[in-house]
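Scope of the values below: all heavy atoms of this structure, side chains included, with no hydrogens, waters or symmetry mates.
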Amino acid sequence: MKIAVSTSGNDLNAPLDPRFGRAARFVIYETETGTFELADNSQNLNAAQGAGIQAAQNAASTGAAAVISGHFGPKAFRVLSASKIAVYPSTAATVREALDLYAAGKLTAAQDADVEGHWM
Amino acid sequence: MKELVIISGKGGTGKTSITASFAALANRAVFADCDVDAADLHLILNPEIRERHDFYSGHEAVIRKADCTGCGLCADLCRFDAVKSSGDKFKIELPSCEGCGVCVSFCPAKAIDFPDRLCGEWFVSNTRFGTIVHARLGIGAENSGKLVSTVRQQARQFATAGQADWLLTDGPPGTGCPVIASITGADAVLAVTEPTLSGQHDLLRVIELTRHFKIPVFVCVNKWDINPAMTATIEAAATSSGATVLTRIPYDISITEAQINGQSVVEHNNGIASQFMQTLWEKLCQLLH
Amino acid sequence: MQIAIASGKGGTGKTTLSVALAQVWDGPVQLLDCDVEEPNASIFLSLKSQTEKRVFVPVPAVDSARCTGCGKCAAICQFNALAVAGKTVLVFTELCHSCGGCARICPEKAITEVPFSVGTIRQGQSGNIQFMEGRLDVGRAMAPPVIRAVKKAADPKLPVLIDCPPGTSCPMITAVKGSDFILLVTEPTPFGLHDLTLAVETVRLLNIPFGVIINRSDAGDNRVVEYCKRENIRLLLQIPESRKIAEACSRGESILSAAPELAPSLRNLLEEIR
């Protein structure tokens with residue numbers, strides 16, 4: 001299965017971007033093969049509003065079944081859960097660390113948004 | 001680090017003068033001027049700009065005159081009255097353009113461009129009290145809250161990186177987008193009001209807003225002695241709406257004098273308003289730290 | 001005739017002046033409180049026969065039976081108010097700017113626009129004044145639709161005075177748009193001057209004739225007067241600081257009740273700009 005991880009970098013050693021909506025891109029990791037590709041999320045940088053919503057659609061369009069990021073706002077969460085994508089908040093420092101924690105079963109799927117609104 | 005946002009609902013209650021005095025009193029603080037539509041804090045803090053950034057948000061529609069056939073569909077479709085006829089062709093009146101892109105999508109001649117919209121600038125500056133992040137919204141630009149969010153995020157980064165004790169934010173008037181963007185996620189709000197019916201009315205609306213976002217709100221009545229009875233009424237109403245009433249500040253001409261000298265009130269003198277502002281700050285320190 | 005009373009800075013006395021100008025107006029006049037985030041003008045008027053109605057904006061509703069999940073609506077929406085999740089479209093009403101793009105672009109005609117309530121318009125009568133006020137619901141973000149609704153409710157055949165929101169961003173522009181003249185109210189202080197210069201830039205961009213009123217004119221220094229001279233701006237009126245006026249305003253009384261001597265100068269001012 002595919003897992004999307006928010007990042008400001010370009011590979012597995014890059015830092016995990018704690019912001020889901022305004023992350024520059026996602027690493028799309030394929031658990032079967034251990035390979036990854038990058039999905040751009042930068043169209044959101046100038047969005048006046050609704051970055052989380054757009055990012056959730058971007059993540060969904062990659063075919064990911066799960067996303068890992070620092071925090072998820074209520075609107076992003078609504079789109080992700082309607083798209084049947086599992087949502088994993090994580091404090092991991094890098095993309096690789098987040099994926100390792102996921103593989104070890106140490107991440108818990110969120111049942112709700114964990115931050116207020118889209119304003120910050 | 002604690003983030004305190006100073007707002008007022010109604011303009012002209014002395015919010016920025018109080019923020020400037022807090023800036024002078026606070027140790028290890030970073031400042032954010034989120035009143036990006038009519039920013040005044042810099043007039044007292046006198047910032048020396050060290051970074052300057054363009055602020056883009058959304059898009060604007062621009063009709064290429066050469067390609068416009070003058071069919072007028074854009075004018076019919078625009079819900080914001082932003083398309084005006086210009087001879088036998090059409091043009092977009094920029095301040096009215098909402099950036100919705102409907103005209104861009106449906107123009108049969110594909111004659112409308114949709115570039116990123118420059119909406120203002122934001123700055124990082126040094127002041128005699130510490131770093132400030134401030135901004136200037138472009139004229140007629142939409143104050144969607146995104147510039148406010150940018151200013152706050154940047155200020156928050158400086159505060160975290162410098163291990164500051166305080167992030168002090170001068171908020172905008174009103175209850176709309178910019179105010180919502182200024183207060184969400186803050187540790188506390190100080191609402192500054194004045195003893196007038198308008199002041200009371202606007203205060204109760206901002207208290208309602210802070211409760212909506214579950215942020216603790218403190219209230220200070222400035223110029224309270226202009227109408228002591230009204231002050232008492234406002235404080236009672238604020239208390240019963242769930243706010244915590246703090247120190248009153250008396251009317252004092254030195255608030256205006258300090259402004260004219262480019263100083264905060266507590267730097268200007270140790271007069272009556274200055275003393276009460278110091279008391280107010282001490283109370284906030286006790287309550288939040 | 002439409003006159004807008006605006007100010008960059010809040011708290012300069014814009015609302016009390018708007019009310020006083022309406023009170024000295026010769027004949028019937030409409031006073032529109034377009035400061036919809038914090039409408040205050042009604043505090044200074046005793047209104048008779050009030051009516052109230054809700055302000056609605058059109059927002060999309062998706063007929064899921066017709067929707068194929070093609071995503072064209074989400075793609076055209078610049079405000080991310082629509083999102084496609086699998087085969088369903090989610091609507092985030094609070095982000096919608098009511099542009100109508102989604103309903104128009106939907107190939108299946110699955111989107112209709114339905115009314116969504118964002119505020120209230122109140123109307124009432126006080127002497128010669130036909131009063132109208134817009135009030136944005138607390139927690140709602142977008143003021144301009146409510147401002148537009150108030151302006152639309154006014155009778156175009158009767159003169160209009162508009163009490164505008166502070167600042168120079170879209171709510172202020174929406175309020176002053178279409179005016180024949182703008183009165184900018186300020187204070188003789190650094191904050192007052194700074195915010196006035198922003199307001200002047202704005203109204204010059206809009207190409208609307210304007211003039212300046214300095215309120216509490218002796219409570220600061222001379223910088224606004226000098227600025228007006230330098231910029232060739234009409235300085236229409238200076239009102240000195242008065243404890244009497246401040247106290248009357250704090251009680252919600254008109255400035256004319258405290259300072260009836262202001263009435264002739266306000267009438268002259270209206271004569272001059274009419």
Next on the checklist: The test is side-chain contact (heavy atoms from CB on, under 4.5 Å); show your working for A:Ile53 and C:Leu95 and say whether it passes.
Outcome noted: CA-CA 11 Å; A:Ile53 296 169; C:Leu95 300 185; 3.5 Å; yes
Next on the checklist: Keeping A:Gln57 on the side-chain end and C:Ala85 on the backbone end, is there a donor-acceptor pair under 3.5 Å?
Outcome noted: no
Checklist entry - Is it the backbone or the side chain of A:Ala60 that comes under 4.5 Å from a heavy atom of chain C, or both, or neither? => result neither
Item to check | OG-CG distance between A:Ser83 and C:Leu90, expressed to the nearest 0.5 angstrom | outcome: 7.0 Å
Item to check | Proximity breakdown for C:Ala74 and chain A, heavy-atom pairs closer than 4.5 Å | outcome: side chain
Checklist entry - Out of C:Gly71, C:Ala81, C:Ala83, C:Cys77, which one racks up the most heavy-atom pairs below 4.5 Å with chain A? => result C:Ala83
